Amino acid sequence: MTMNTRDEALARDAADPLAPLRAQFALSPDTIYLDGNSLGVPPAAAAQRAQVVIAAEWGEGLIRSWNTAGWFALAKRLGNKLAPLIGAAHNELVVTDSISVNLFKVLSAALRLQQRRDPKRRVIVAERGDFPNDLYIAQGLVAQSNGAYELRLIDDPAELSAALQPDTAVAMITHVNYRSGYMHDMAALTQLIHQKGALAIWGLAHSAGAVPVDLNGVGADGAVGCTYKYLNGGPGAPAFVWVPHRHQGAFEQPLSGWWGHRAPLAMSPLFEPDDGIGRFLCGTQPIVSMALVECGLDVFLQTDMRAIRDKSLALTDLFIELVEARCDEFPLRVVTPREHAQRGSQVSVAHPHGYEVMQALIARGVIGDYREPQVMRFGFTPLYTRHVDVWDAVETLHDVLVKETWRAPEFAIRASVT
């Protein structure tokens with residue numbers, strides 16, 4: 001739907017059923033925040049929750065709070081609260097550790113299972129364009145295997161079928177690409193992977209809380225994701241790992257820490273894994289940061305992923321429309337797919353001086369981020385992003401390009417994090 005005035009954007013916001021949820025986030029009125037795909041905005045409840053955890057639960061309850069405040073059960077309780085957002089069942093998910101650690105766990109467990117089934121299956125298939133960290137974890141696992149495993153990279157999703165050979169054990173696929181925002185058809189690819197005899201491990205860093213996901217519905221074999229992006233858990237908040245009930249007894253994860261023991265406080269010298277998803281825990285949990293994850297999850301309980309997806313598509317459609325209408329004379333290229341079925345909740349736009357342009361936007365209060373090469377990323381979090389934010393962001397982008405304010409020397413200085 002074409003939009004011609006800012007008032008039309010305001011009218012859409014007035015009719016938006018998700019609009020009241022914005023008040024539950026601590027977002028400055030002077031900021032247009034389009035980087036929820038990298039770090040979400042703090043829920044308004046987070047500061048008070050942190051104070052309670054530190055002053056009351058830790059300060060007064062002290063070690064008793066492992067029992068009285070429910071600390072010991074928190075990883076599983078958060079997992080069950082997050083589960084409906086990604087199509088997981090009760091007790092199939094724990095919030096714990098980082099994506100890196102969780103990916104190592106689930107990838108290693110999947111490889112071990114496949115090796116027991118068929119020793120010839122020793123290859124991990126992944127996309128070269130995935131977030132590099134995932135590839136690094138796979139490379140490290142391969143290096144530790146002394147030649148037992150191999151990583152096979154593809155450059156295009158169309159190559160996946162040919163890459164899934166009789167020696168393939170696992171396909172490690174990111175649902176929504178971090179750079180382009182391209183979204184895979186999870187159901188179709190999982191079916192293909194299974195037809196080829198491999199297991200499907202999915203990365204949900206840019207999916208959880210942003211797009212509908214049905215892990216059990218598609219028959220996936222494992223998944224990992226983070227809570228600090230669209231789930232608004234806070235910087236460096238613990239990630240999550242999902243393993244379906246059908247695999248939990250057979251998946252042997254390599255980090256056999258005491259929290260994954262069937263009876264951690266028995267203090268047995270022999271490790272015996274938990275019967276269920278608890279075996280994917282490892283060491284003592286970071287309770288303060290985990291407690292804040294719940295503040296973000298509680299907002300999701302007030303809506304559903306269908307409503308979030310509908311608004312996400314409306315926001316990203318509008319952004320693409322306005323960028324192409326208002327900035328068509330500049331060397332901008334929308335990298336993100338137009339097709340709804342192939343788009344996550346971000347729009348990536350390439351510009352020869354994308355880094356400098358993004359810094360100029362940030363200086364004007366429009367916050368996105370930059371990824372090499374040349375890509376400006378704009379993330380849209382429907383819980384707090386408005387249609388008028390989209391309008392104003394594109395107007396600011398147009399102004400930055402027309403006046404060439406991005407050419408100021410300070411915008412070319414590379415920060416440690418882009």
Side-chain angles (χ1 to χ4, degrees), residues 86-88 92 99-100 102-143 145 148-180 182-208 211 213-225 240-244 246-248 250-254 280 341-342 344:
I86 59 172
E92 286 188 334
I99 280 188
S100 303
N102 288 335
L103 181 59
F104 185 86
K105 295 174 192 173
V106 76
L107 193 57
S108 176
L111 287 165
R112 289 186 183 189
L113 176 60
Q114 288 287 70
Q115 287 273 281
R116 293 198 300 273
R117 290 174 171 176
D118 182 353
K120 296 190 302 295
R121 291 193 176 273
R122 46 181 294 275
V123 174
I124 305 165
V125 171
E127 292 184 89
R128 197 182 309 275
D130 277 353
F131 190 63
N133 179 76
D134 296 353
L135 303 181
Y136 301 160
I137 293 297
Q139 290 165 16
L141 201 161
V142 168
S145 75
Y149 302 137
E150 175 188 333
L151 178 62
R152 179 180 298 150
L153 300 179
I154 61 173
D155 293 300
D156 188 284
E159 301 173 6
L160 180 60
S161 182
L164 295 169
Q165 296 294 314
D167 61 357
T168 303
V170 178
M172 180 182 72
I173 309 293
T174 298
H175 187 214
V176 176
N177 184 270
Y178 80 101
R179 181 188 287 111
S180 69
Y182 173 85
M183 183 170 70
H184 283 296
D185 183 334
M186 183 182 286
L189 285 192
T190 299
Q191 182 180 34
L192 171 64
I193 291 163
H194 286 170
Q195 287 173 349
K196 299 284 188 162
L199 297 179
I201 305 299
W202 286 93
L204 304 180
H206 290 84
S207 304
V211 300
V213 175
D214 187 5
L215 290 170
N216 275 313
V218 304
D221 300 294
V224 298
F240 63 84
V241 56
W242 170 81
V243 176
R246 71 181 190 277
H247 285 323
Q248 286 177 9
F251 267 25
E252 299 175 359
Q253 72 108 334
F280 280 84
Q342 296 180 357

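Bear in mind the structure is a predicted one, so any value in this text is a computation, not a measurement.
- By the ring pair (Phe, Tyr, Trp, His ring centres under 6.0 Å) test, Tyr182 pairs with His184, sequence neighbours left out.
- Side-chain contact check for Leu141 versus Leu111: some heavy-atom pair is nearer than 4.5 Å.
- Summarising the geometry, atom CG belonging to Leu199 is positioned 5.5 Å from atom CZ belonging to Arg117; distances are rounded to the nearest 0.5 Å.
- Between the NZ atom in Lys196 and the CD atom in Gln191 there is a gap of 12.5 Å [rounded to 0.5 Å].
- Looking at Leu107 and Val224, their side chains never come closer than 4.5 Å, going by heavy atoms from C-beta outward.
- Of the charged side-chain nitrogens involved, at least one lies within less than 4.0 Å of a carboxylate oxygen, so that Asp155 and Arg128 count as a salt-bridged pair.
- Of the possible polar contacts, one joining the Asp221 side chain to the Ala200 backbone as a donor-acceptor pair under 3.5 Å is found.
- Within the 4.5 Å cutoff, the side chain of Pro132 has heavy atoms near those of the Tyr178 side chain.
- Residues Pro244 and Asn216 approach most closely at CB-OD1, 4.1 Å, considering heavy atoms.
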Inset, instruction - For the pair Leu215 and Met186, evaluate side chain to side chain contact (heavy atoms under 4.5 Å, CB included) and give the outcome as yes or no after the intermediate values. - result: CA-CA 8 Å; Leu215 290 170; Met186 183 182 286; 4.0 Å; yes
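- When every heavy atom of Val125 is checked against every heavy atom of Ala163, the shortest pair comes out as CG2-O, 3.8 Å.
- Looking only at distances, no side-chain donor or acceptor of Glu150 sits under 3.5 Å from a matching main-chain atom of Val142.
- The side-chain heavy atoms of Ile99 and Asp134, taken from C-beta on, include a pair separated by under 4.5 Å.
- At distances below 3.5 Å, not a single donor-acceptor pair connects side-chain atoms of Asp167 with backbone N or O atoms of Arg122.
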Inset, instruction - Output, in order, the C-alpha distance, side-chain angles, deciding distance and verdict of side chain to side chain contact (heavy atoms under 4.5 Å, CB included) for Asn177 and His206. - result: CA-CA 7 Å; Asn177 184 270; His206 290 84; over 6 Å; no
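- Atoms OG and CD1, on Ser108 and Ile124 in that order, are 9.0 Å from each other to the nearest 0.5 Å.
- Side-chain atoms of Gln114 come within 3.5 Å of backbone N or O of Gly197 as a donor-acceptor pair.
- Gln342 and Asp185 share no donor-acceptor pair across their side chains, judged by distance under 3.5 Å alone.
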Legend entry - Full working for side chain to side chain contact (heavy atoms under 4.5 Å, CB included) between His247 and Leu113: CA-CA 9 Å; His247 285 323; Leu113 176 60; 4.0 Å; yes
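- Side-chain atoms of Ser207 never come within 3.5 Å of backbone atoms of Val211 as a donor-acceptor pair (strictly under, hydrogens ignored).
- In this structure, the side chain of Thr168 engages the main chain of Gln165 through a donor-acceptor pair within 3.5 Å.
- Considering every non-hydrogen atom in both Val170 and Ala198, the closest pair reads N-CB, 4.3 Å.
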Inset, instruction - Mind running side chain to side chain contact (heavy atoms under 4.5 Å, CB included) on Leu164 and Leu192 for me, showing each step along the way? - result: CA-CA 9 Å; Leu164 295 169; Leu192 171 64; 4.1 Å; yes
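- When the side-chain contact (heavy atoms from CB on, under 4.5 Å) test is applied to Ala109, the partners found at least two apart in sequence or on another chain are Phe251, Phe280.
- The structure places CZ of Arg152 at 14.5 Å from CD of Glu127, a figure rounded to the nearest 0.5 Å.
- Between Phe240 and Leu204 the shortest side-chain heavy-atom distance falls below 4.5 Å.
- Tyr136 contributes atom OH, which lies 14.0 Å from atom CG of Leu103 (distance to the nearest 0.5 angstrom).
- Taking a cutoff of 4.0 Å between a charged side-chain nitrogen and a carboxylate oxygen, Arg116 and Glu252 qualify as a salt bridge.
- Asp130 contributes atom CG, which lies 8.5 Å from atom CG of Leu153 (distance to the nearest 0.5 angstrom).
- Nearest approach of Leu135 to Ala126, heavy atoms of both residues: CD2-CB, 4.0 Å.
- Side chain to side chain, Trp202 and Thr174 fail the donor-acceptor criterion of an N or O pair below 3.5 Å.
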